[in-house]
Q: 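The structure is given below, and queries will be raised subsequently.
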Amino acid sequence: MTFGFSPIEDQQLAGLIMWVPMGMIYLLSALVIVSRGLFAPSLEQSSATARSAR
């Protein structure tokens with residue numbers, strides 16, 4: 001037993017260590033996609049308004 005963990009606790013900790021960073025990558029990419037979908041229409045409207053004002 002290294003560091004006082006049983007073999008099953010060691011496997012659970014290793015799985016958590018591998019799962020969390022990959023989950024963060026998916027979460028970040030999902031947030032980017034959602035934010036582009038939410039804010040892109042307002043950016044297109046503001047640029048179209050600026051073009052029509054010329």
Side-chain angles (χ1 to χ4, degrees):
M1 281 201 267
T2 307
F3 299 110
F5 293 122
S6 69
I8 192 69
E9 289 172 334
D10 181 62
Q11 287 293 309
Q12 289 173 340
L13 181 61
L16 186 65
I17 289 171
M18 290 186 287
W19 182 80
V20 168
M22 290 308 297
M24 297 303 264
I25 291 171
Y26 283 119
L27 179 65
L28 179 64
S29 59
L31 288 174
V32 167
I33 291 169
V34 168
S35 67
R36 284 184 179 177
L38 289 175
F39 296 117
S42 63
L43 294 176
E44 289 173 6
Q45 286 178 345
S46 63
S47 63
T49 305
R51 275 188 252 135
S52 64
R54 290 184 189 174

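The model shown is predicted, which means the values in this text are computed figures rather than measured ones.
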Q: Less than 4.5 Å apart, side chain to side chain, heavy atoms only: is that true for Leu13 and Glu9?
A: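 Side-chain contact under 4.5 Å: no.
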Q: Quick one: pull up CE in Met24 and CG in Leu27 and give me the separation to the nearest 0.5 Å.
A: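 The distance works out to 6.0 Å.
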Q: Same cluster or not: are Ile17 and Phe5 linked, directly or through other Ile, Leu, Val, Met, Phe, Trp or Tyr residues, by side-chain heavy atoms under 4.5 angstrom apart?
A: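 Ile17 and Phe5: one cluster.
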Q: Nearest 0.5 Å, please: how far is CG in Leu38 from CD1 in Ile33?
A: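 Spacing of CD1 (Ile33) from CG (Leu38) equals 12.0 Å.
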